Structure formats: C-alpha cells, structure tokens
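Please read the structure below before turning to the comments.
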Amino acid sequence: MDPVRSEFIPDPSSSREEMETLQRTVADEAIFADEFPFDPATVSMANTLTATTGDSPIVVGIDQAFLDERAVGAVVALRDGEVVERASAAVDCEFPYIPGLLSFREAGAIVAALRNLDAEPDLAVFDGSGRIHYREAGLATHLGVVFDLPSIGVAKSLLCGTPQGSLDGRSEGARVAIDADEDVEGVEGTIGYALQTRQYDSGNRHINPVYVSPGHRVGPETATDLVEQLCDGYKLPEPTRLADSHAATAKGEFGEQARNDGS
DNA sequence: GCGACAG
DNA sequence: ATCTTGTCGC
C-alpha cells in the first residue's frame, strides 16, 4: 500500500522545531473516534471458517528491529487470525531514539515495509503510542494519518498521562483510563487505557498491563475492545507478536545479506 | 538543578 | 531497541 498523505511522512533531517510542528499538524488531522467502515465485532483471532459470513477485516501488526545502523520494519497481515501476508524492509537509521520523537526514527522503515505489502489492511496495530503522546501524535497516530488507515497504538510502558486508578495486580480484562495531564498539550480527558491483557491466577508476581491508545479513526474504548479481541493467551496482541517475530527473522536475513555483500 | 521519558 | 544464562515462579 502507499501513503495517502505523503507530505506528513516524518523527515529525520528536519529541525526539532519542524518535527514538533508536524506532530501538531498531524494531531489536528487525526480522528480520535470510531470512523471506519467495518464492524469491530468481526475482528478476532478465531479463524472459524464456518461462522464467518462475508469478509473479515484485515489487521496488520507492525514492529521494528535494529541492526547496527539500520532499522528493519516488519508487517504481518492477518484475517480471522490467519496470516495472509508478511512484508519487511531495511533502511539506514537517520535519527536517534528520543522520547516523543519516535516516528522520526522508525517511520522510514515502516513506510518502506508497508509499500512492500500487497494486501489492503483495514486496521493497523502499532508497537508504541498513539494519542498517548505529548502532542497527541505518537507513532500509531502519525502513520495512521499518513496512510489514512484506522490504527491503534499498543505500548508496553506509559509515555505520559495519568492512570485513573491503581494499575498493579489488576485481574485479566481490567481497564483503567489514562487521562491527559500537564505533559499533554492542550487536551483533557481520556486519551487511552491501561488494559490487563493477561494475569496470573494467583501468587506473588503480577503482569503489567499494556497501554492502548487511539491512533487514527478509532476511539479509545473501541481501540481497547479491539486489542482485547486480538489477544490470544499472551500479554501482547497476536498481530504485534507475529510482527515481532517476523522482524527478528527479517533482521537475521538482512544481516546475513549484508555479511555476504561485504565479504 | 532534578526527575521523566513509546522503541 | 540491544547486549545475554540461568533461574524463579506461573
């Protein structure tokens, strides 16, 4: 697939001021409410070949891996829990990791990988934040707008915002609203949810929740519902887990390729 | 100056 | 994210 708003593709060579301005522009373009054509109830990991009437939405999981000075973007497309396509791409790293500016480091490889994808996704699940961001323009939001694709951000830790309740030891399925705080520019109210996707039945140790936030064209509640539906016994949703492992194998292949070219 | 900080 | 063995607890 190709970008719809290529003028918004993060440019690693721009100034920090320009980067932040672009993020505010992207946030203005983003829609943090349900505005997509498919029925969210039809998104699942159950590939019940019989129960499904018509076409289920295609969900893509997107993740990254790094190799020396290169970033590897990986995409795995799923329909009813079945992998229908995988794509990847490696590009040179042109920008360091800076909290709040992750898109400028990772977007290049992700855009390249998505360009290599033949399938036409209905929903994208990113590894990182969406609206839970200083300028409401985390990776999931930024790329969701660039491709005008409904998207969701799933992060393993919280960038900003304040949980409206205790997060530790919650039982499976529990969700705690994350509200905007002074770190989030010009916003108030719920910008995402901490979702307990998995929990030990009992014992001393507990599992941390994941932080779900709207990327583009999805509201916080639906985004959380969708992530829950995409989980299958593990802390992270399947699209993310599959993209993660695909990124690892792709990294190995690109590394091997580089090794051959150099000797 | 100190603390916080997606991947 | 990445460098890494064993190990404690589900």
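The structure displayed is predicted, hence computed values, not measured ones. To find a chain, count down the sequence lines: A is the first, B the second, and so on, and within it residues start at 1.
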Open item on the list: If you compare every side-chain N and O of S157(A) against the phosphate oxygens of dC5(B) (OP1, OP2), does one of them come in below 4.0 Å?
Closed with: no
TODO: Determine the contact category for G100(A): base if any of its heavy atoms lies under 4.0 Å from a base atom, sugar-phosphate if only primed atoms, P, OP1 or OP2 are that close, otherwise nothing.
DONE: base
Task: Y134(A) OH to dA4(B) P, straight-line distance once rounded to whole Å - done: 12 Å
Task: L159(A) side chain, from C-beta outward: closest of dT2(C), dG9(C), dA6(B) - done: dA6(B)
- [ ] Using whole Å, report how far CD of E69(A) lies from C1' of dT2(C).
- [x] 13 Å
Open item on the list: Looking only at the side chain of H133(A) (C-beta and beyond, no hydrogens), which of the listed nucleotides dG9(C), dG7(B), dA6(B) gets closest?
Closed with: dA6(B)
Open item on the list: Looking at E29(A) and R5(A), is any side-chain nitrogen of the basic one under 4.0 Å from a carboxylate oxygen of the acidic one?
Closed with: yes
Task: 5′-ward residue of the pair Y200(A)/F66(A) relative to DNA chain C - done: F66(A)
Task: Option from E228(A), E221(A), Q196(A) for which side-chain hydrogen bond (donor to acceptor under 3.5 Å, both in side chains) with R175(A) holds - done: E228(A)
Task: D127(A) side-chain proximity, nearest of dA6(B), dT2(C), dG7(B) - done: dG7(B)
- [ ] Flag as yes if Y97(A) stacks onto the base of dG7(B) (centroids under 5.5 Å, planes under 30°), otherwise no.
- [x] yes
- [ ] Would you verify whether the NZ or CZ of R241(A) falls within 45 degrees of the ring axis of Y234(A) while also being under 6.0 Å from that six-membered ring's centre?
- [x] yes
- [ ] Return the value, rounded to whole Å, for the distance between atom CD of E185(A) and atom C1' of dC5(B).
- [x] 16 Å
Open item on the list: Using the side-chain heavy atoms of A65(A), tell me which of these nucleotides is nearest: dT2(C), dG7(B), dA6(B).
Closed with: dT2(C)
- [ ] Please report, rounded to the nearest Å, how far the C1' atom of dG3(B) is from the CG atom of D181(A).
- [x] 14 Å
TODO: Name the closest nucleotide to the K251(A) side chain, picking from dC10(C), dA6(B), dC3(C).
DONE: dC3(C)
TODO: Could you tell me whether L67(A) contacts a base, only the sugar-phosphate backbone, or nothing, with contacts defined as non-hydrogen atoms closer than 4.0 Å?
DONE: nothing
- [ ] Compare side-chain N and O positions of K156(A) against OP1 and OP2 of dA6(B) and report whether any pair is under 4.0 Å apart.
- [x] no
Open item on the list: I need the CG-C1' distance between N208(A) and dG9(C), as an integer number of Å.
Closed with: 15 Å
Task: d(CG, L139(A); P, dG7(B)) in whole Å - done: 10 Å
Open item on the list: What is the separation between atom CZ on F104(A) and atom C1' on dG7(B), rounded to the nearest whole Å?
Closed with: 15 Å
Open item on the list: Can you confirm if the NZ or CZ of R259(A) lies within 45° of the ring axis of F254(A) and under 6.0 Å from the centre of its six-membered ring?
Closed with: no
- [ ] Nearest whole angstrom, please: distance from the C1' of dC10(C) to the OH of Y234(A).
- [x] 14 Å
Open item on the list: In this structure, would L78(A) and F147(A) fall into the same cluster of hydrophobic residues linked by side-chain contacts under 4.5 Å?
Closed with: no
